[in-house]
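Right, one structure below, let's go through it.
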There are 2 protein chains.
Amino acid sequence: MSLAEDRTKPGAGTLYKTIRQDIERRILTGEWPPGHRIPFEHEIMEHYGCSRMTVNKALSELAQADLIERRRRAGSFVRRPQFLSAVLKIPDIRAEIGALGRAYGYELISSVRRAANASDRERLGVKKPCKVIAIRCRHSADNVPFAIEDRLIDLDAVPDAAKANFKIDPPGSWLLHHVPWTEAEHAISAIVADDAIADGLHIAVGAPCLVIERHTWRQGQPLTAVRLVYPGEQHRLVARFRGSE
Amino acid sequence: MSLAEDRTKPGAGTLYKTIRQDIERRILTGEWPPGHRIPFEHEIMEHYGCSRMTVNKALSELAQADLIERRRRAGSFVRRPQFLSAVLKIPDIRAEIGALGRAYGYELISSVRRAANASDRERLGVKKPCKVIAIRCRHSADNVPFAIEDRLIDLDAVPDAAKANFKIDPPGSWLLHHVPWTEAEHAISAIVADDAIADGLHIAVGAPCLVIERHTWRQGQPLTAVRLVYPGEQHRLVARFRGSE
DNA sequence: ACGGGCGATATGTCTATACATAAACTCAGC
DNA sequence: GCTGAGTTTATGTATAGACATATCGCCCGT
């Protein structure tokens with residue numbers, strides 16, 4: 001029996017959203033556990049009495065949201081929930097502080113160009129010898145230290161970085177505007193301030209700090225590795241999101 | 001002039017992906033800044049010599065990824081980048097530890113049912129008087145403390161919670177399987193362990209801890225507020241993601 | 001038993017078309 | 001000048017059909 005006639009009453013609104021939410025609910029409640037094969041587009045389309053494009057739109061969105069995985073010929077499958085997946089969209093500290101309505105300050109502490117040593121190579125994840133720029137700098141908001149940045153840039157992957165003026169431009173901003181990336185990884189952890197950090201952030205030794213380490217790649221090639229240290233009790237990473245309405 | 005013939009050569013693959021990436025590139029490089037109106041579907045479709053549905057698919061995906069905002073009659077606009085947006089998908093600590101291949105342990109420390117006091121109401125974000133359950137519990141992996149959880153559940157919003165057995169089921173797991181949510185907010189910060197936390201996590205007083213505070217709503221109604229404290233140097237939130245290929 | 005080829009099948013993309021809907025704009029009437 | 005009704009317009013949803021493409025599984029020949 002077709003369910004097309006029900007379409008008139010539910011508050012859901014549109015058909016493909018109804019389909020998407022029906023499936024989403026079954027996944028989130030565990031009725032369809034990870035690995036479960038979702039009915040074929042063909043079957044769903046008969047069940048709702050609609051065309052395949054409509055079903056396809058619903059499933060495509062679920063796939064974009066990583067809730068399901070679609071495999072040609074095999075069907076669509078519920079994905080394992082992504083435990084501990086934290087996605088940060090922090091393109092640019094300068095812009096971030098600006099968005100908070102505070103005055104941005106930037107200070108280059110050191111910038112060294114050198115052949116990558118073993119620890120540089122390990123941090124970037126490169127095997128071959130290469131040249132790097134190692135940068136240490138400080139961001140501030142309204143003249144209060146906001147974050148300490150420690151960055152390595154692979155000069156073989158980003159040769160233009162040799163020409164950039166990091167005395168003026170924060171390296172993060174410069175990279176964002178000049179170098180496209182395809183993959184990134186973030187790791188968030190907590191540490192206590194040692195002498196150097198306490199000094200740089202104007203906080204007490206032993207105070208908690210939030211650390212974000214980000215690695216960025218282009219087509220699998222490492223571009224840059226950065227470690228940002230924030231005063232932990234003043235700074236919070238906040239995100240609000242929807243369960244796809 | 002139509003660009004349809006170029007479709008044969010680029011490695012990009014499909015047309016709608018080409019369109020999406022072309023637009024994405026212009027946004028990420030700042031060529032089209034926030035607020036910029038991107039060409040109408042009509043114009044894009046003529047530019048690439050394709051049908052509107054193809055353009056629509058590209059734009060819909062950009063909208064789903066929050067890169068653009070679409071307004072009827074007005075057009076599509078580049079959104080402000082979301083500074084400091086951290087999206088955590090951590091449905092369930094129990095499942096998370098299981099996925100790591102470690103033995104999950106759970107221990108209810110206290111569970112109190114009471115009328116919400118002022119601080120409860122503020123934490124949940126409710127105005128009216130209501131009943132709540134306050135739960136404190138501990139999660140462990142291979143018998144090592146993994147996280148301390150402190151949770152409030154609004155009993156008016158989730159009456160079924162009164163019947164749940166939190167001596168056996170972790171409240172997070174129970175809620176995930178019984179209560180659908182529509183919005184959530186995460187805040188990540190760092191603290192140092194006080195006596196209670198040090199005791200609960202078996203770490204030293206003054207050791208760094210990662211704190212995740214999550215609020216969950218259904219259609220704007222607060223459901224639960226939870227604070228998870230992790231040992232900071234052992235625990236890392238890790239996420240890898242793609243710039244939409 | 002093993003591997004290559006081939007057909008069946010489910011998803012992936014694309015088109016041309018149609019109608020719905022929200023919002024911005026126009027303009028008449030007060 | 002202001003208000004409200006009607007028009008225009010861009011997006012939103014849905015359709016039927018077509019062809020592309022990856023791949024699973026079967027069968028056949030060695």
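So you know, we letter chains A, B, ... as the sequences are listed, proteins then strands, and number each from 1. Atom set for the values below is all heavy atoms of this structure, side chains included, hydrogens, waters and symmetry mates excluded.
In this structure, the CG atom of A:N56 is 14 Å from the C1' atom of C:dT15, given to the nearest Å. Atom CD in A:E41 sits about 14 Å away from atom C1' in D:dA22, given to the nearest Å. Rounded to whole angstrom, the span from the CZ atom of A:F77 across to the C1' atom of D:dA22 amounts to 14 Å. The interatomic distance linking A:H42 (NE2) with C:dT11 (C1') rounds to 14 Å, in whole Å. To the nearest angstrom, C1' of C:dA10 lies 15 Å from CE of A:M53. Distance CD (B:E46) to P (C:dA16): 13 Å, rounded to an integer number of Å. Taking atom CZ of residue A:R37 and atom P of nucleotide C:dA10, one finds them 8 Å apart after rounding to whole Å. Whole-Å rounding puts the A:K17 NZ to C:dT21 P distance at 13 Å.
In this structure, CD1 on B:I93 lies 11.5 Å from CG on B:L176, to the nearest 0.5 angstrom.
For the pair A:R71 and A:F77, the cation-pi criterion (under 6.0 Å, within 45° of the ring axis) is fulfilled. Under the 6.0 Å distance and 45° angle rule, B:R37 counts as a cation-pi partner of B:F40.
Between A:T54 and D:dT15 there is a side-chain N or O to OP1 or OP2 distance below 4.0 Å. Regarding contacts with the backbone of C:dT11, every side-chain N or O of A:R71 stays at 4.0 angstrom or more from both OP1 and OP2.
By the side-chain hydrogen bond (donor to acceptor under 3.5 Å, both in side chains) test, B:H139 pairs with B:Y104, B:E149, sequence neighbours left out. Residues passing the side-chain hydrogen bond (donor to acceptor under 3.5 Å, both in side chains) test with B:E122, sequence neighbours excluded: none.
Side chains of A:F166 and A:Y106 form a contact here, defined as non-hydrogen atoms less than 4.5 Å apart.
Of all nucleotides listed (C:dT11, D:dA16, C:dT13), C:dT13 comes nearest to the side chain of B:Y16.
Comparing B:R52 and B:K57 by the nucleotide of DNA chain C whose heavy atom lies nearest to each, the residue mapping closer to the 5' end is B:K57.
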What pairs of nitrogen or oxygen atoms, one from the protein and one from nucleotides 3-9 of chain C, lie under 3.5 Å apart?
residue, atom, partner, partner atom, Å
C:dA8, N3, A:R73, NH1, 3.3

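If you check distances only, the side chain of B:R72 does reach the base of C:dT21 with a donor-acceptor pair under 3.5 Å. The base of D:dT11 does not come close enough to the side chain of B:R70 for any donor and acceptor atom to sit less than 3.5 Å apart.
Between the side chains of A:S60 and A:N56, a donor-acceptor pair is found at a separation under 3.5 Å.
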